[in-house]
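All chains are named by letter (A, B, ...) in the order of the sequence lines, taking the proteins before the strands, and each is independently numbered beginning at 1. Reckoned from all heavy atoms, side chains included, excluding hydrogens, waters and symmetry mates.
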2 protein chains.
Amino acid sequence: MSMHLAKVSEDTIFRSCDHDYKVTCDTCRLNRICIPLALNAKDLEQLEKIVQHTKPMQKNELLYRENTPFQSIYAVRSGAIKAFRTTNDGREQVTGFYFPGEILGMDGISEDRHASSARALETAAICAIPFNALEKLSSTMPNLQRHLFQLMSREITEDQLLITLLSKNSADERVATLLLSISRRNARRHLSATHFRLPMSRVDIGNYLGLTVETISRVFSRMQKAGTLRVDNKEIEIMDYEALHHGANLSN
Amino acid sequence: MSMHLAKVSEDTIFRSCDHDYKVTCDTCRLNRICIPLALNAKDLEQLEKIVQHTKPMQKNELLYRENTPFQSIYAVRSGAIKAFRTTNDGREQVTGFYFPGEILGMDGISEDRHASSARALETAAICAIPFNALEKLSSTMPNLQRHLFQLMSREITEDQLLITLLSKNSADERVATLLLSISRRNARRHLSATHFRLPMSRVDIGNYLGLTVETISRVFSRMQKAGTLRVDNKEIEIMDYEALHHGANLSN
DNA sequence: CGCCAGTTTGATTTGTGTCAATAAGCGTGG
DNA sequence: CCACGCTTATTGACACAAATCAAACTGGCG
């Protein structure tokens, strides 16, 4: 397990273990980066009434499937999820990776059925939040409503970043950008920004970045030779953060 | 002007001229594909109170600029708009084209400043909808709230389609897909699905599709030679819809 | 221990980019 | 209305990054 904590923030207390599904939003160690961050204690109580803590998912298990009825959005509590859609010729397009504290499934709202599928990349604990109930709740909680709009808006801007990445950047730049993104998201959860384990395969990385497995592998090798990374299968150590950042060639 | 109407739907009456900015949502000929579609007469009155009908935009005029404070989302009433973000090395990434009845600017919600810029591709009439007011309104109108969530969700799924297109499809497939998209959106507005004028330049098309101008030009030439299209500068006639659809190689 | 999926590395091909030159539109002003 | 100049579009020749094809290696799991 690669969940060694790098730094413990002064105002965050880690109370619950990763896959415990009896945890409440109130006590969840992610409540400062997940939906609860927008709510006061009273509202949080209301939210907790509708959030469902399902049992842990096994690796490769499907959370939801494209074109099935949309009921809930999902918050990752532990583990990692990949979202993907299937093209008409049967290939898969990975549209995103989701880590603890992040929300997925919002693409299902517009047509009332999921526009993508989601699969656990490793053992994972997930909170399901029934959308109808959430919607009703948000009518009475301006903060929650605003937060939901913001979450969806953020999903849009992140998709736009990926579009730009796919459209304008070289293989090396794309890989560097993904690694930086994972590094940042780890840091936000007080995990190491420089040493982590990739939960996804090379195939998934390539698929996400619009590249082949072979190219991903070669980029990793090149970066290792250049001294930017140390790569040991899925274990990544960023040796030269500056170089990686420069190699990403991206604002933000 | 290329706004010849192909077919007039039985339940849609075209009351107002394109660039008239005194039109109300109530009488706007787009009210069946824009925000009003979700509202009853009473709610519509409320909406109209907050919608601002600004004066027509000239070609190349900016509607909003990246990183400026976010105030409103915008509905296109006539003309066409391109949205784009600027990469850190100064290049432009076109993230979308917006036609009458379509909403843009929702990427600004998450950070309270615009994540992209928007520029008129031709003379255009725009409605500005102040977001704070819209938000407040939507707390009291479940239909409106739902509709806004759906609009944002649709933006997400459309970005995912573009991601897939950029990641998996050839130059020919990308161009075919864009033409089909424009064709469908024209049809929705009761304009010709087979004969239309592209409001954007080849540069913009290439930029949007992650290709160079030269490639766009070559693809058009190829498709013309194959008898799929007739291309006369920005004027496009789809001669073989089946072939184009097949060439797009995309579900949906 | 042995198998199979995942990963790495090498040789070759190919689609699209780049560079360059010409042609066609389009707005401006005489 | 035409002439001019500038922007946009087309077409060709060549270069190159990443895909493809192929083969060997690794590691995790039954």
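- Side-chain N/O atoms of A/Ser201 include none lying less than 4.0 angstrom from OP1 or OP2 on C/dA5.
- Between the CD atom of B/Glu235 and the P atom of C/dA24 there is a distance of 18 Å, given to the nearest Å.
- Not a single donor-acceptor pair under 3.5 Å links the side chain of A/Glu61 to the backbone N or O of A/Arg119.
- Qualifying side-chain hydrogen bond (donor to acceptor under 3.5 Å, both in side chains) partners for A/Asn233, counting only residues two or more places apart in sequence or in other chains: none.
- Listed by chain and residue number, A/Gln93 satisfy the side-chain hydrogen bond (donor to acceptor under 3.5 Å, both in side chains) test with B/Ser167 (two or more places apart in sequence, or in another chain).
- Remark: C1' of D/dT10 and NZ of B/Lys225 are 12 Å apart, rounded to the nearest angstrom.
- Distance check: A/Leu198 CG to A/Leu179 CG gives 6.5 Å after rounding to the nearest 0.5 Å.
- Atom CG in B/Leu209 sits roughly 18 Å away from atom P in C/dG15 (whole-Å rounding).
- If you look at A/Tyr74 and A/Tyr64, their ring centroids are closer than 6.0 Å.
- The interatomic distance linking A/Ile216 (CD1) with C/dT9 (C1') rounds to 15 Å, in whole Å.
- One axis for each end of the helix from C/dC1-D/dG30 to C/dG30-D/dC1, each built from five base pairs, and the angle between them comes to 50° at 10° resolution.
- Rounding to whole angstrom units, NZ of residue B/Lys168 and P of C/dG15 are separated by 18 Å.
- Rounded to an integer number of Å, the gap from CD of B/Gln224 to P of D/dA9 is 15 Å.
- The separation between B/Ile205 atom CD1 and D/dA9 atom C1' is 11 Å, rounded to whole Å.
- For residues 95-107 of chain A, the salt bridge (Lys or Arg N to Asp or Glu O under 4.0 Å) pairs, not counting sequence neighbours, are A/Glu102-A/Arg185.
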Task: Reading 5' to 3' through nucleotides 16-30 of chain D, protein heavy-atom contacts under 4.0 Å coded B for base, S for sugar-phosphate only, - for none - done: --SSBB-----S---
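- Between B/Arg154 and A/Glu111 there is a salt bridge, since at least one side-chain N of the basic residue sits less than 4.0 Å from a carboxylate O of the acidic one.
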Side chains of residues 206-214 of chain A: which donor-acceptor pairs under 3.5 Å do they make with residues two or more places apart or in other chains?
unit_1	atom_1	unit_2	atom_2	d
A/Asn207	OD1	A/Val94	N	3.0
A/Asn207	OD1	B/Lys168	NZ	3.0
A/Asn207	ND2	A/Glu92	O	2.8
A/Thr212	OG1	A/Thr215	N	3.4
A/Thr212	OG1	A/Thr215	OG1	3.0

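- Note: CG (B/Asn60) to P (D/dT8) measures 8 Å, nearest angstrom.
- B/Thr87 contributes a side-chain N or O that, together with a main-chain N or O of B/Arg91, makes up a donor-acceptor pair within less than 3.5 Å.
- Residue B/Ser217 has no polar side-chain atom (N or O) positioned under 4.0 Å from OP1 or OP2 of D/dT11.
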